[in-house]
Protein chains: 2
Amino acid sequence: MPGTIKEVAERAGVSITTVSRVINGNPKVRQDTRERVYEVIKELGYVPSAIARGLTLGRTHTIGLILPEIADGFFSQVIRGADEAAVRQNFHLLVSTFHSHRSDEELSFRLLGEGRVDGLILMDPTLGDDFLMEFHRSSFPIVVLCKKIKYTNCKYVVIDDLQGAYQAVVHLIKHGYKRIATIRGPLDNYDAFQRLAGYKSALKDYNIKLNPEYIVDGNFQWEGGESAMHILLDLVQPPDAVFAANDPMAIGAMEAVKKRGLSIPKDMAIIGFDDIELARLVTPPLTTVHLPMYELGAMAVESITGMLKGKSTRRKNILKTGLVIRKSCGC
Amino acid sequence: MPGTIKEVAERAGVSITTVSRVINGNPKVRQDTRERVYEVIKELGYVPSAIARGLTLGRTHTIGLILPEIADGFFSQVIRGADEAAVRQNFHLLVSTFHSHRSDEELSFRLLGEGRVDGLILMDPTLGDDFLMEFHRSSFPIVVLCKKIKYTNCKYVVIDDLQGAYQAVVHLIKHGYKRIATIRGPLDNYDAFQRLAGYKSALKDYNIKLNPEYIVDGNFQWEGGESAMHILLDLVQPPDAVFAANDPMAIGAMEAVKKRGLSIPKDMAIIGFDDIELARLVTPPLTTVHLPMYELGAMAVESITGMLKGKSTRRKNILKTGLVIRKSCGC
DNA sequence: TTGTAAGCGTTATCAT
DNA sequence: ATGATAACGCTTACAA
């Protein structure tokens, strides 16, 4: 421990109030007093205790970040974005996973009740609305990630999947592809639904008739993409381009195309969704829709700190995706 | 805020001391009193303030984890390991990156001086011994990861690279390969050095003469592995197996082999080191040495909590690697 | 400009 | 078995 405010005060021959003033940049301190205090502070290597401050101010300058998983290409980017935003604002990040806690209740205990954090970022698709409601009632700053909140007015940040899919399909259209198919995700998945909607919307805007045969089911897995692509290739008139609702399916689809001795993108252009690590490593490198996970984490933190500072932040934030153009689309 | 101890006390008609006793499981409380207090606690949804506790006890039950990077396949595993170990011990994890801070000094300020954490896990290859010395003098629980500490007696956890390399090469030997080469890493890299030592040691133990031509330089990059392999293949008597000092080089080497129209593992067996994500995705899947990053994080946390509990933990912990057997070795 | 003292929510010491 | 009170290190009225 690098000393306390009391020691500094004694050594500088002033009261602790004065030291506190100096620390907090209060202008009502005579210049020479201030200097003397600073000197002692440096001499002692004194650093104010965040805990004591936390107790008096009721603020810890810490934000909790709860994720379903940490060692994951996406979630780890969220953490990184949150970390950097936190550092920028001089906040700390308490990171933990959801699954490791026995229950929602315990989690709320550990972070909020205990007063460890000034706000909470929650990223968990399984989060119940009732659970959030409880939190929100406590008027505790809380931001939910990647989940539309209907019944409570919790703040949340989501990614605009529809726009991403739209952009991808438009890219294919502008490439000149005429027969654009899609491999969609599971029907009950909200994201999958949005991506399909984006696909449809793009076709519609460019007056391309929707061919029901060109919408084939996938399961968000590699294998699903592969078999879906086989179905498409077996069509009397196969598509010349495919938008897969996620990268694993896109890569599976690429496998199928290659197995038939066809070439990508000459015989079949492919665009994926997610921008996983592997996307740039496959041959040809996969053009795909990048999910702004880094920004998601950063924006969540900013949203929290904004609330803390009393700014009236938006309840809903939508993050735009970005098309990462590689080779599989024909570029 | 879910109330304070005082409110609980009033409502239960006891003193705050008694409430405190109940909370902390002190047996010197009459059963019915205890029950009454518990009831009020539940009623109020009371949770003790970690901050206030921290102030009195001088313990925050929080461990700081500092890494060079977060969104990285290895570091994120360290975080996960640390998180799970922390949860097991009812500790919290304050995660941050090193690079984002302006200086060592600032980092020490932010985490230790402020008294936010009870201990610190540092993972940064660029850490200076003098810096660590400073920390250690303060007798603050601190564990350094993946770095041998010479001059100070800071605790540290390292991964046994030598043993990993040894194991890999022995595996090749037992496969029956006679001409085993290695693509080593940069000479100034400690890990690269250890891996080379493991290679040599294995050959020696199995009475295989070291062929200097079979040790070729790499740079830990994909390209380095590829060109190194070309050199090996151009030898009058090329090797029949190669141990690459990391996965990227191993994968680059695989490319070179494939480009020559040779097959893996029939014409050339390959083993890598690291077990990066991509290793299991290449064709054939790469046999490689797995780095126990998860365990590293977990052990670091356990080391810290051990120190905190006054246990005499080892100053030095060596983690064993594990051989991940896939297809590239001929298995 | 500076200082005194109360208060933040706990735990711990000492009485009772 | 229970309670009053000091202490932890800080901020902040309020006084001087």
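Numbers restart at 1 for each chain; the letters A, B, ... are given by sequence-line order, proteins then strands.
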* Structure fact -> Sorted by position of nearest nucleotide on DNA chain D, 5' first, the leading residue of S15(B) and L57(B) is S15(B)

* Salt bridge flag under 4.0 Å for residues R80(B) and E69(A) -> yes

* Structure fact -> From NZ of K6(A) across to P of dT11(D) the rounded distance in Å is 16 Å

* To do: Using a cut-off of strictly less than 4.0 Å, decide whether R21(A) has a side-chain nitrogen or oxygen near OP1 or OP2 of dT2(C).
  => no

* Answer yes when R11(A) and E43(A) have at least one side-chain N-carboxylate O distance shorter than 4.0 Å, and no when they do not. => yes

* Round to the nearest Å and state the distance from D32(B) atom CG to dA1(D) atom C1'. => 10 Å

* Asked: Any side-chain N or O of R30(B) under 4.0 Å from OP1/OP2 of dT2(D)?
  -> yes

* Between dT1(C) atom P and N26(A) atom CG, what is the distance in whole Å? -> 10 Å

* What's the CG-P distance between N24(B) and dG9(C), to the nearest Å? -> 17 Å

* To do: Determine the contact category for T4(B): base if any of its heavy atoms lies under 4.0 Å from a base atom, sugar-phosphate if only primed atoms, P, OP1 or OP2 are that close, otherwise nothing.
  => sugar-phosphate

* To do: Return the value, rounded to whole Å, for the distance between atom CD1 of I51(B) and atom C1' of dT11(C).
  => 15 Å

* **Criterion side-chain hydrogen bond (donor to acceptor under 3.5 Å, both in side chains) on R314(A) and S303(A), from CA distance to verdict** => CA-CA 8 Å; R314(A) 255 189 292 234; S303(A) 180; over 6 Å; no

* **Heavy-atom donor-acceptor pair, N189(A) side chain to D191(A) backbone, under 3.5 Å** => yes

* Take the protein atom NZ of K28(A) and the nucleotide atom P of dA16(D), then report the distance between them rounded to whole Å. => 18 Å

* Asked: Counting only side-chain N and O atoms of S49(B), is one of them less than 4.0 Å from OP1 or OP2 of dT10(C)?
  -> no

* To do: Find which nucleotide of DNA chain D each of T17(B) and L55(B) is nearest to by heavy atoms, and output the residue with the more 5' nucleotide.
  => T17(B)

* Asked: When you check the phosphate oxygens OP1 and OP2 of dT2(D), does a side-chain N or O of T33(B) lie under 4.0 Å from one of them?
  -> yes

* Please state how far atom CD in E10(B) lies from atom P in dG9(C), giving the value in whole angstrom units. => 12 Å

* Exercise: do R34(B) and N26(B) side chains pair donor with acceptor under 3.5 Å -> no

* May I have the distance from R59(B) (atom CZ) to dG9(D) (atom C1'), rounded to whole angstrom? => 18 Å

* Whichever of I16(A) and R34(A) has its nearest DNA chain C nucleotide further upstream toward 5' -> R34(A)

